[in-house]
Structures are given as C-alpha cells and as structure tokens.
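One structure is given below, encoded as structure tokens.
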Amino acid sequence: MSKGQSISPALMANKRTGSPVERRTSTEAHGVVLPEVPGANQVVDPVPMTGSQAVIRSLEELGVTDIFGLPGGAILPTYDPLLESTRINHILVRHEQGAGHAAQGYAMATGRVGVCIATSGPGATNLVTALADANMDSVPMVAITGQVASTLIGSDAFQEADIVGMTMPIVKHSYLVTDAQDIPRVLAEAFHLASTGRPGPVLVDIAKDAQVGPMEFSWPPVLELPGYRPVARGHSKQIREAARLVAQAQRPVLYVGGGVVKADASAALTELAEVTGAPVVTTLTARGVFPDSHEQHLGMPGMHGTVPAVYAMQQSDLLVTLGARFDDRVTGVLSTFAPGAKVIHADIDPAEISKNRVADVPIVGDLASIIPELTEAFRGETEAQGAPDLTEWWRVLRGLRDSYPLGWTSTADGLLAPQYVIQKISELTGPEACYVAGVGQHQMWSAQFIKHERPRQWINSAGLGTMGFAVPAAMGAQVGQPDRTVWAIDGDGCFQMTNQELATCALNNIPIKVAVINNSSLGMVRQWQTLFYDGRYSHTHLDTGHESRRIPDFVKLGDAYGCATFRCEREEDVEATIKAALEVNDRAVVIDFVVSADAMVWPMVPSGVSNDQIQIAQNMTPEWVGEDEGAGA
C-alpha cells in the first residue's frame, strides 16, 4: 500500500494477487480491465508547484470542467489556485449536501464523473448523505475534502473529523493524502475507480500541509492499483448457456436494471429484446433505457410497478437479469418471487451475483459487451429450429396491459390530481428533457406517468431514497446538459430540505424548472398511515397548501430567490401554467401545484407481502392473483 492511501472494504473484497501495474494507456487482458490514466493523452514534464496547485492542475488534465463546492479553512489553500483556472467552472453552493447531489445529477445526466469539494469537519460530514446515495445508485463521483494538517490528525483539532473512517462503508474507495507528491496519482486513481467497473463515489481527503507543501507535478502519473481488476468480458461458455435457456423459454422476461444505463447499452438492449421477442421490465433506475413506447415494454416492476410487469415476473420461467440486483422493492417477499423461473444474472459486480437470488447462469462483465454477445449467441441457437413461439405468453400479457392500465380517479376534495399534473409536464415538454425527482409519492407518479424514452432522461434517488435530492441534482443535471430543459419534480416535504440551492441557480444562471407537487403533507408516509395505521396521521401534515395558512408560501419563497413563480390550483389551468413555465429560459422557475392529499400511488404491493398480492386500489386486487392462466404451470 502506498503512502497516504486508505482502502475501503469494497476494494479489499476485489483484491487479487499480482504485482503493481504501471501502465499509462488503457489495457485489457483476458477480459480484465487494467488501470489507465484518464486524460493521459496530455504529457506534462515535471514542474514545481504546491499541492493545491497540483489538485487544480490534475483536475484540468482529467478533463473536469465543472465543480460544485463550498470553501472553508482546511480546503482554502486549494480554492486560491482555483480562482486562476480558466478551464474549471466552480459553482458555489449554499450547502455541501447540495454540492454532493449536484455532482450526482451531473454524473447521471452526462455519464461523466461528477466532482464536489468541501472543507473538513462539518463541511465533509455534510457530504455523507450524498456519498451514501451515490454508492447505492452506483453514481461515478469524486468528493475532495480538506483535512487538518497531518501533524494534528487525531488530536481533536478544530473542525477535525475522520471523514475517511466515517465514509468507508459508503464509498467505493477512500484516500487520505498527507504528501503533496501523491496528489496527481491519487486523483487519477480516484477518477479511474469512480468510472470503471461498477461506478461509485470515491473520497479524497487532503491534509492541509499536503495542500501547501511543495511537489513536482508531471502528467500522466503511474497508477498503483494492483488489486483492482474489474472484469470487462463475460465468460463465453456462460453466455452460450444463457442463450440456450432463452431459446428454450416459453415465458421469458428481460429484467433490466440501472446497470444497463451505466453501461450505455440501450441500443444493444433494444436489439436483444427485438431478436428474442421477450417482454421487458425496467426498474426505477432503468426507466428510459428501453422506450416506454416500445410494444415489448411492460413498465416498471415491484412495489409500485404495473400489473403486467409484476405478473410477468411472477409467472415467468426465465428471468434474464441485466444490471439489476433483486432489490426488495422489486421482489417483495423474496421466497415467493418468480417461483418457477430460472435466472440468468449478468452484472459488472460479482458481489451482486446470487446475493439475493441464486443465479442458474451467472455472467460477470460489462453489459456493453455481454448483451451483444448474448444476442449473437441466441441467433446461433435458433438458426436451425427458429425462435421460440411466445404467442400465448404475449396474449396473456397484452390482455393484462389492456385490462389494468395506469390511471387515477378524481379526488373528493376537488383539488388537482398529481398524476394529471405530471403527465401533462411530460406531454408538453417531451423526452429530450431531463426529469429529476425527489423521493415519495411524486417520485413514483413521475416514474409511472412521465414517458421515458431515452437513457439518462430520468434521474432520482432510488436506493437510498433521499428527500431533498431533486433541486440540487436538477441543478447539476442542468450544468451538465445546458441545452436541455430540466424539471425537478419535487414534493413539498422534499423541497423544504434543499431549496436554498435556488439561490445558487439564480446567481449562476441555471434555469431549472421546479414543479412542487404540494399535497401539504409527507405524502408517502401519509399513504401508509391511511392504509396500515387506520388513518392516524401522526406528524405528517405540513400546512403548505392551505390557502389561509401557507407556511411557507412557495410562490413568495421562489420570488425571494429570484425565480419566476406560478401557483396552479385548477385542472383547467394546468396546461397553460406549464406552457408559461416552459417559455421562461433566463432563470429558474417554481410552480406550486396544489394537489389533493388523498391521492395515492397505485398499484401497490404492501411491504412484507408477496408480489402475488398486488393491489390496484385500496382493498382491490387483480383477478389473476392466485391463478395460473396462461402460465403453463
């Protein structure tokens, strides 16, 4: 282990024997990706500078153009040379959590590594939620934090916090840098780790004396990652076996997760689906990687998935699992999930294979190569006897799709139906926009009623479920995709956690559009209280939508932050309000959509029960539950 390097459990789990790799270009051997230096096309001869100058120069050589951060004493030496950089745009946030979520949104919208920066102590700890969120959703991100001088570490110095130790369980890798000379190598390694294999966040904590100390900068550095060997190519024998199972299946389902988005394998997935004829379900993190408009798409599976998607998985005889992890929100009670299905599981992370559901055919590798190889292997399997006849399978699934479409009913209080609002935003804006959601009912309605047609169109906090994600993540997405319209669809509860970043948007000309789905309550918690706690609404009323008592008044709040503001309370005004918001391009927009608190997210599989018990409305289940019509079982 090199000086100043701390290694996370996730990286230790992948460690293999071997000598240090010293390569300056991308290399692949036996399906294993060997370390490379991002930005290695630029050669810089040794030049003296400080560690802080090396931080900025390294980021420039790594191709970084945008950073989200907030300065403080321990990181101040690095902020000084940042002022002189003509290649890096720094965006001063109002809270470090906002910097972290903005870096996530940037990465999720662009596919590039997001970067955030904070000082020691509370500055660094304010990044913890964003780091945990990025880790759960496999978001490539590098967080740079300042640390007290190395001579003071462990002495409880002012604003000292062991951020490396604190975050080790929730990052892909951690570094503590105490020697200025290590800075270029560590940053190059951090970007390599964040963006290769299963993407994830990497923390680089730099002691203050390393920032101010002298060093000789040169580029590219030599990476020292002897234990890091993500597998790029799937095993050919396993792929052939998978193709054989697909060719024999009568009720196959392509179970598609966010790993397909990370692999940029959308086109390859579409080809596989069309060649096999199999139905496709896309998880919450995979929405858009396979178009909603495609005839073979059944929608989202799981707790709030569509009836045909949930049924198809339950009754399938083969799950072709691509970059998904058998999350509990998809499977329900695991022991009753897809009981008659064999499982093909392809993933870049070997730790995911058979973690929750045992795979009959495990395939470790990059889906960008696995999916096309599986398509070709399937063609080879079916060349003589032809593809399997899925007519009966599709007859049942199309019948369910026709019988149980997504929809909603009018609410008794006469207030707006939130599903209608979100559907209209999608219709009037289109799939070229980015849609960023917070967490809760509005997130599920957005997943259901936005038309998801392209990868990286949909951004949300799925695994961790972080309230407050939407506004700063939308800000980051807008910086990364300045020519796209970016909507933050947020709840009134989520919006109050991070709306201070509207000031950041105003001062940096970041014209996001915020649709606050204001039901004056913590909506998803209230829904559970309605269904499972006899309507005992313990501390879920927020009083944000009552005309006589709006605390806060979101229109006034948006106006205070320099945003264009609207309030919409009638269905006949929804379309005009959205169109007016779309015409504003010179500043951020806040719309207060006052919706009914009684609206619920349906369908729903209650927590702790089998997917066979899916409810399409309160106390209502589809007729097929408990039956095996068309299943051939």
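Since we're looking at a predicted model, the values are computed, not measured. Positions are given from 1 along the sequence.
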- Please determine if D137 and K262 form a salt bridge, counting it only when a charged side-chain N lies under 4.0 Å from a carboxylate O.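 Salt bridge between D137 and K262, a charged N being under 4.0 Å from a carboxylate O: no.
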From [atom1] ([X]) to [atom2] ([Y]), nearest 0.5 Å:
| X | Y | atom1 | atom2 | value |
| --- | --- | --- | --- | --- |
| L59 | I117 | CG | CD1 | 7.5 Å |
| I489 | Q443 | CD1 | CD | 11.0 Å |
| R112 | D66 | CZ | CG | 7.5 Å |
| C434 | I459 | SG | CD1 | 5.0 Å |
| S446 | N460 | OG | CG | 8.5 Å |
| D182 | E224 | CG | CD | 8.0 Å |

When you compare the side chains of [X] and [Y], does any donor N or O come within less than 3.5 Å of an acceptor on the partner?
| X | Y | answer |
| --- | --- | --- |
| E352 | H345 | no |
| T282 | R287 | yes |
| S316 | Y255 | no |
| S236 | E373 | no |

- Message: Please evaluate residues S138 and M108 with respect to the criterion side-chain contact (heavy atoms from CB on, under 4.5 Å), reporting the C-alpha separation (whole Å), side-chain torsions for both, the decisive distance (0.1 Å), and the verdict.
- Response: CA-CA 10 Å; S138 303; M108 295 167 83; over 6 Å; no
N/O donor-acceptor pair under 3.5 Å between [X] side chain and [Y] backbone:
| X | Y | value |
| --- | --- | --- |
| R484 | E432 | yes |
| S369 | A232 | yes |
| R401 | P308 | no |
| T306 | A309 | yes |
| R456 | G288 | no |
| N611 | A338 | no |
| Q238 | V361 | no |
| R229 | P226 | yes |
| S266 | V289 | yes |
| Q478 | K513 | no |

- Take R398 and E295 through the test side-chain contact (heavy atoms from CB on, under 4.5 Å) and record every step on the way to the result. CA-CA 10 Å; R398 289 192 179 102; E295 172 64 22; 2.9 Å; yes
- Sequence neighbours left out, what passes ring pair (Phe, Tyr, Trp, His ring centres under 6.0 Å) with F68? Give chain and number order.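 Applying ring pair (Phe, Tyr, Trp, His ring centres under 6.0 Å) to F68 gives none.
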- Message: Test of understanding: with ring pair (Phe, Tyr, Trp, His ring centres under 6.0 Å), list the residues that count as partners of H101, not counting sequence neighbours.
- Response: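 Per chain and number, H101 pairs via ring pair (Phe, Tyr, Trp, His ring centres under 6.0 Å) with F469.
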- Task: Mind running side-chain contact (heavy atoms from CB on, under 4.5 Å) on H294 and V280 for me, showing each step along the way?
- Result: CA-CA 9 Å; H294 198 289; V280 179; over 6 Å; no
For the residue pair [X] and [Y], what are the closest heavy atoms and their distance?
| X | Y | result |
| --- | --- | --- |
| A194 | V142 | CB-CG2, 4.1 Å |
| D366 | A263 | OD1-CB, 3.7 Å |
| A249 | L390 | O-CD2, 3.8 Å |
| V439 | G465 | CG2-C, 3.4 Å |
| I91 | V479 | CD1-CG2, 3.5 Å |
| A324 | T321 | CB-CG2, 3.8 Å |

- Query: Mind checking whether H452 and W458 have parallel, tilted or perpendicular rings, split at 30° and 60°?
  - Reply: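 H452 and W458: perpendicular rings.
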- Could you check whether the rings of Y175 and H173 sit parallel, tilted or perpendicular, using 30° and 60° as the cut-offs?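 Perpendicular.
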Tell me, do [X] and [Y] make a side-chain contact under 4.5 Å, heavy atoms counted?
| X | Y | value |
| --- | --- | --- |
| L367 | I348 | no |
| V93 | P472 | no |
| L254 | Q296 | no |
| W445 | H304 | no |
| E60 | W219 | no |
| T285 | V261 | no |
| I422 | I450 | yes |
| Q314 | V253 | no |

- What's the verdict on salt bridge (charged side-chain N to carboxylate O under 4.0 Å, His left out) for E241 and K237, showing C-alpha distance, side-chain angles and the deciding distance? CA-CA 6 Å; E241 177 62 14; K237 181 179 178 181; over 6 Å; no
Have a look at [X] and tell me which of [options] forms a side-chain contact (heavy atoms from CB on, under 4.5 Å) with it.
| X | options | answer |
| --- | --- | --- |
| I239 | I371, T375, I344, I363 | I363 |
| M141 | V171, L203, L131, D133 | L131 |
| F191 | V64, V204, V202 | V64 |

- Where do V396 and Q315 land on the side-chain contact (heavy atoms from CB on, under 4.5 Å) test, with the steps shown first? CA-CA 11 Å; V396 174; Q315 298 296 330; over 6 Å; no
- Task: State which residue, out of R325, K355, R198, fulfils the salt bridge (charged side-chain N to carboxylate O under 4.0 Å, His left out) condition with D349.
- Result: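 Result for salt bridge (charged side-chain N to carboxylate O under 4.0 Å, His left out) with D349: R198.
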- Contacts of T429 that satisfy side chain to side chain donor-acceptor pair (under 3.5 Å) - sequence neighbours left out: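 With neighbours one apart ignored, the set is W487.
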- Counting heavy atoms not belonging to E383, are there more than 12 under 6.0 Å from its CD?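 12 or below, so no.
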